[in-house]
Amino acid sequence: MQLIQENPDLSAYLAADEVIDHHHPRVRETAKRLARDVDDSYEYARVAFDYVRDTIAHSQDSGDLRVTWRASDVLERRTGICYAKAHALAALLRAEDIPTALCYQYLGVVHGLVAVRFHGAWHRQDPRGNKPGVDARFSLEGERLAFTADAASGQRDHPVLYAAPHPAVLDALRSAPDRPHLWRALPTVL
């Protein structure tokens with residue numbers, strides 16, 4: 001699948017906004033701590049991915065009812081669904097000047113992940129969190145996502161790389177008072 005930048009200006013994939021708030025002190029402190037012992041941006045990206053995947057609980061897996069959507073809140077509360085975890089990873093990567101896009105899969109509902117730009121190409125990464133049957137890994141040499149879209153079942157990958165969260169995703173997150181409500185309001189189309 002060929003990934004398509006929504007915005008041709010690569011700087012859009014480094015920008016901060018209300019959701020990918022990489023200028024927030026919590027994001028900056030976390031990025032600084034993660035970058036302390038790494039030698040290059042690739043190693044930093046892998047460490048940041050592992051941090052979000054492994055230390056931010058996927059709220060469905062952990063049973064946490066809170067809904068987070070802003071990157072700094074995800075890092076503070078250490079919980080979120082796939083979209084929120086993607087927002088946190090995007091903020092940590094952009095904080096270290098690594099172009100990062102938000103992207104999506106349709107798996108019955110819309111699933112969120114990120115793409116990072118290295119060596120002149122975009123590489124999708126899924127920080128959702130591992131569990132039995134899910135083994136996502138950071139890779140620039142072939143995708144190691146949490147889920148593979150099954151075209152025979154109507155699932156598909158969306159090729160568009162967004163600089164900001166898709167409005168349908170953000171609306172669902174912002175309007176949900178808790179995770180059970182969010183689960184009923186997850187977008188099924190973009």
Side-chain angles (χ1 to χ4, degrees), residues 1 3 19 30 33-34 38 42-93 98 100-116 118 122-159 161-162 165-166 168-170 172-173 176-190:
M1 172 182 67
L3 299 172
V19 179
T30 304
R33 183 170 35 83
L34 294 174
V38 299
Y42 171 77
E43 188 178 355
Y44 173 81
R46 184 190 52 74
V47 167
F49 171 88
D50 289 349
Y51 178 81
V52 172
R53 182 195 63 193
D54 298 342
T55 68
I56 308 295
H58 189 285
S59 57
Q60 175 70 16
D61 295 349
S62 68
D64 195 320
L65 299 180
R66 297 175 293 171
V67 175
T68 55
W69 52 271
R70 184 178 290 117
S72 57
D73 293 338
V74 175
L75 294 173
E76 178 182 344
R77 297 178 185 160
R78 301 175 72 81
T79 189
I81 67 165
C82 61
Y83 311 130
K85 292 182 71 159
H87 299 165
L89 180 56
L92 289 172
L93 295 173
I98 299 170
T100 307
L102 299 165
C103 49
Y104 304 94
Q105 295 175 302
Y106 173 74
L107 305 170
V109 293
V110 175
H111 173 63
L113 42 142
V114 302
V116 296
F118 278 106
W122 289 100
H123 307 273
R124 294 190 309 165
Q125 312 295 328
D126 191 343
R128 181 227 180 268
N130 290 339
K131 64 179 188 173
V134 175
D135 185 27
R137 305 220 178 249
F138 185 85
S139 175
L140 301 182
E141 299 174 10
E143 293 184 336
R144 297 289 308 270
L145 305 178
F147 307 106
T148 302
D150 178 16
S153 299
Q155 298 177 351
R156 63 191 175 282
D157 292 307
H158 290 281
L161 301 172
Y162 296 93
H166 192 282
V169 167
L170 199 51
L173 289 167
D178 57 31
R179 188 182 36 78
H181 181 273
L182 175 61
W183 233 240
R184 294 187 299 274
L186 289 176
T188 58
V189 295
L190 293 180

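- With sequence neighbours excluded, the residues forming a side chain to side chain donor-acceptor pair (under 3.5 Å) with D61 are R128, listed by chain and number.
- Taking the charged nitrogens against the carboxylate oxygens, R179 and D64 have no contact shorter than 4.0 Å, which rules out a salt bridge.
- Heavy-atom minimum distance, T79 versus T68: O-OG1, 2.7 Å.
- If you take NE2 on H111 and CG on D157, they are separated by 10.0 Å, rounding to the nearest 0.5 Å.
- Side-chain contact check for F49 versus S139: every heavy-atom pair is 4.5 Å or farther apart.
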Determine all donor-acceptor pairs shorter than 3.5 Å in which one atom belongs to a side chain in residues 182-190; sequence neighbours excluded.
residue : atom : partner : partner atom : Å
R184    : NH1  : P180    : O            : 3.3

When you look at Q105 and L145, which way does the side chain to side chain contact (heavy atoms under 4.5 Å, CB included) test go after all the steps? CA-CA 11 Å; Q105 295 175 302; L145 305 178; 3.9 Å; yes

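- To the nearest 0.5 Å, the span separating CG on L34 from CZ on R46 amounts to 11.0 Å.
- The heavy-atom pair separating I81 from S59 by the smallest distance is CG2-OG, 3.1 Å.
- The two residues L107 and A149 make their nearest non-hydrogen contact at CD2-CA, 4.0 Å.
- Residues satisfying the ring-ring contact (aromatic ring centres under 6.0 Å, His included) test with Y42, not counting sequence neighbours, are F138.
- Taking CG of L140 as the start and CH2 of W122 as the end, the distance is 12.5 Å to the nearest 0.5 Å.
- I98 approaches T100 most closely through the heavy-atom pair O-OG1, 2.9 Å.
- For the pair Y51 and T30, the minimum side-chain heavy-atom distance is below 4.5 Å.
- Side-chain contact check for V114 versus L102: some heavy-atom pair is nearer than 4.5 Å.
- Side-chain atoms of Y83 and V19, non-hydrogen and from C-beta on, never get closer than 4.5 Å to each other.
- The line from OG1 of T148 to CD of Q155 is 9.0 Å long, rounded to the nearest 0.5 Å.
- A salt bridge does not link D126 with R124: every distance from a Lys NZ or Arg NE/NH1/NH2 to an Asp or Glu carboxylate oxygen is 4.0 Å or more.
- Interatomic distance, R53 CZ to R137 CZ, rounded to the nearest 0.5 Å: 5.5 Å.
- Closest heavy-atom contact between A88 and A71: CA-CB, 3.8 Å.
- Proximity of L173 to H87: side-chain heavy atoms (C-beta onward) are separated by under 4.5 Å at one or more points.
- Across N130 and A136, no two heavy atoms sit closer than the pair OD1-N, 2.6 Å.
- Note that CZ of R70 is 10.5 Å distant from CD of E76, once rounded to the nearest 0.5 Å.
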